[in-house]
Amino acid sequence: TRAPGFRAGLRLALLSILFAGIVVTPLVELRLVKHFVEIRLAPPAVPVGASDLYSPWLATKDALHGIDPYSDAVMLQIQKDLYGKAVAPGSGLDPQAFVYPAYVIFLLAPWVLLPWPAAYFLFALFEPLFVALAAWLWLRICEIKTSRTTRIFILALVVTSWPAIWGTWSRQPSVYVVALIAISVFLFCRGSDVSSGVLLALATVKPQLVLLVAVWLLLLAVGYRRIRFIAAFALTFVALVAGSLLVVPGWIPRWIAASIEYTHHSGKGSLLVVLTGHSIGLGLGAGVLIALGIRLWQWRPDRKSTRLNSS
């Protein structure tokens with residue numbers, strides 16, 4: 001049984017995201033890119049390059065050797081490797097603190113077995129493939145019927161879009177998380193509850209990316225009594241947290257503190273706040289969330305169906 005209202009909602013959401021990207025990206029570039037590039041190219045130039053991967057990569061390597069990845073010593077080493085010096089307060093430079101949940105070390109462990117130059121190269125090599133995979137899966141999830149030529153054209157546009165190129169250039173781990181989310185939702189639509197739940201739990205290494213999707217899927221799973229999905233997600237998440245506590249004891253409060261400090265850094269936070277100011281941005285963000293919640297509730301699938309189908 002298909003759920004046309006739900007599918008139509010997904011299509012509309014996807015088109016809205018594409019439109020927002022077209023409209024917002026130039027504004028973001030004008031406001032942020034100059035400042036970002038100035039930070040990234042701050043002298044002296046260093047071998048590790050401008051990479052968002054280096055901080056979690058080095059922190060993971062240290063954690064596996066019994067060093068607290070949230071410590072000031074690790075952050076100082078990252079700063080020296082990236083900038084050639086310690087970052088002074090008020091300098092405008094990103095302090096490059098480790099702000100991931102500690103269980104990201106399980107996902108990054110294979111990468112730290114490689115020397116940094118190899119990890120730096122291979123991480124970027126695979127990222128465009130995962131961008132294309134995520135885009136292709138969302139076309140399948142939304143059941144957007146197109147010719148093969150059109151699909152290839154859409155995928156090419158996505159892979160060569162500004163966010164995708166920027167993510168690849170900066171070796172942003174979020175690219176892989178976005179792919180995990182797409183795979184999880186696709187499997188959820190096909191009724192593969194265990195695999196979907198496991199992958200969704202793995203995607204929580206970027207909580208800010210997966211939170212809304214996870215809440216929505218869990219609510220759907222509760223409504224449809226898809227216990228296998230809920231159990232797979234919960235057990236995987238608990239295993240990740242428990243395992244990471246064995247490797248990095250007591251990391252949760254330190255991660256929360258590091259995350260709060262990170263959001264207060266200049267240039268970090270909601271793009272709506274950056275573009276429109278704090279009060280207006282928060283108001284717009286709250287309005288978007290409320291509207292999204294209402295539409296998702298209206299687009300929920302027929303409760304008589306046992307799963308969401310995907311062709």
Side-chain angles (χ1 to χ4, degrees), residues 10-11 13-15 17-18 20-22 25 36 40 48-58 60-61 100 103-190 192 194-210 213-214 217 236 240 310-311:
L10 282 176
R11 294 190 191 100
L14 184 61
L15 291 174
I17 292 171
L18 291 174
I22 294 171
T25 295
F36 184 84
R40 293 294 185 171
V48 295
S51 172
D52 292 331
L53 174 63
Y54 190 71
S55 172
W57 181 86
L58 183 63
T60 295
K61 188 174 183 178
Y100 287 79
Y103 52 85
V104 75
I105 62 180
F106 300 128
L107 277 70
L108 291 179
W111 293 99
V112 303
L113 297 176
L114 300 172
W116 171 248
Y120 183 81
F121 172 75
L122 291 175
F123 209 82
L125 181 66
F126 289 114
E127 281 193 321
L129 301 178
F130 279 88
V131 170
L133 174 62
W136 178 75
L137 288 174
W138 281 113
L139 290 175
R140 295 285 302 275
I141 293 166
C142 297
E143 294 189 341
I144 298 177
K145 305 296 183 180
T146 62
S147 66
R148 178 178 298 179
T149 301
T150 302
R151 285 198 299 272
I152 293 174
F153 180 70
I154 292 174
L155 296 181
L157 286 178
V158 172
V159 172
T160 58
S161 67
W162 169 254
I165 292 174
W166 194 276
T168 300
W169 179 80
S170 62
R171 276 68 172 176
Q172 174 53 247
S174 295
V175 172
Y176 291 91
V177 176
V178 167
L180 279 176
I181 294 172
I183 298 170
S184 176
V185 174
F186 179 75
L187 293 174
F188 185 89
C189 292
R190 294 182 65 87
S192 301
V194 173
S195 299
S196 176
V198 169
L199 292 178
L200 188 66
L202 292 176
T204 61
V205 295
K206 276 282 191 175
Q208 69 273 30
L209 293 184
V210 75
V213 176
L217 291 182
T236 303
L240 289 170
S310 180
S311 59

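As the structure is a prediction and not an experimental result, all values here were calculated from the model. In this chain, residues are counted from 1 in sequence order.
Scanning for side chain to side chain contact (heavy atoms under 4.5 Å, CB included) contacts around Val159 gives Pro128, Val131, Ala132, with sequence neighbours left out. When the side chain to side chain contact (heavy atoms under 4.5 Å, CB included) test is applied to Pro207, the partners found at least two apart in sequence or on another chain are Pro101, Trp255. Residues passing the side chain to side chain donor-acceptor pair (under 3.5 Å) test with Thr149, sequence neighbours excluded: none. Take Pro115 and apply the side chain to side chain contact (heavy atoms under 4.5 Å, CB included) test, not counting sequence neighbours, and it matches Pro117, Ala118. With sequence neighbours left out, Trp136 forms a ring pair (Phe, Tyr, Trp, His ring centres under 6.0 Å) with no residue at all. Residues satisfying the ring pair (Phe, Tyr, Trp, His ring centres under 6.0 Å) criterion with Phe123, sequence neighbours excluded, are Trp111, Tyr176. Listed by chain and number, the residues in a side chain to side chain donor-acceptor pair (under 3.5 Å) with Ser174 are Gln172, Lys206 (sequence neighbours excluded). Every residue two or more places apart in sequence or in another chain was checked for a side chain to side chain donor-acceptor pair (under 3.5 Å) with Ser195, and none qualifies. Checked against side chain to side chain donor-acceptor pair (under 3.5 Å), Ser184 has the following partners two or more places apart in sequence or in another chain: Ser196. Ala182 meets the side chain to side chain contact (heavy atoms under 4.5 Å, CB included) test with Ala134, Leu137, Trp138; sequence neighbours excluded.
Nearest heavy-atom pair across Glu127 and Thr168 is OE1-CA, 3.1 Å. Of all heavy-atom pairs spanning Val213 and Ile181, the tightest one is CG1-CG2, 4.1 Å. The minimum heavy-atom distance between Ala109 and Thr60, with the atom names listed, is N-CG2, 4.2 Å.
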Go through the steps to decide whether Arg140 and Arg190 satisfy the test side chain to side chain contact (heavy atoms under 4.5 Å, CB included), and finish with yes or no. CA-CA 11 Å; Arg140 295 285 302 275; Arg190 294 182 65 87; 4.0 Å; yes

Residue pair Trp116, Ser51: steps toward the side chain to side chain contact (heavy atoms under 4.5 Å, CB included) verdict: CA-CA 11 Å; Trp116 171 248; Ser51 172; 3.7 Å; yes

If you apply the rule side chain to side chain contact (heavy atoms under 4.5 Å, CB included), what do you find for Leu202 with Leu240, and how did you get there? CA-CA 8 Å; Leu202 292 176; Leu240 289 170; 4.0 Å; yes

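Side-chain atoms of Arg171 come within 3.5 Å of backbone N or O of Tyr120 as a donor-acceptor pair. Thr150 contributes no side-chain N or O that, together with a main-chain N or O of Thr146, makes up a donor-acceptor pair within less than 3.5 Å.
Residues Thr204 and Tyr103 have side chains that bring a donor and an acceptor to within less than 3.5 angstrom of each other.
Once rounded to the nearest 0.5 Å, the distance linking CG of Leu155 with CG of Leu139 reads 6.0 Å. We find the CG-CH2 distance between Leu114 and Trp57 to be 9.0 Å, quoted to the nearest 0.5 Å. Going from atom CG of Leu157 over to atom CD1 of Ile152 covers 12.0 Å, rounded to the nearest 0.5 Å.
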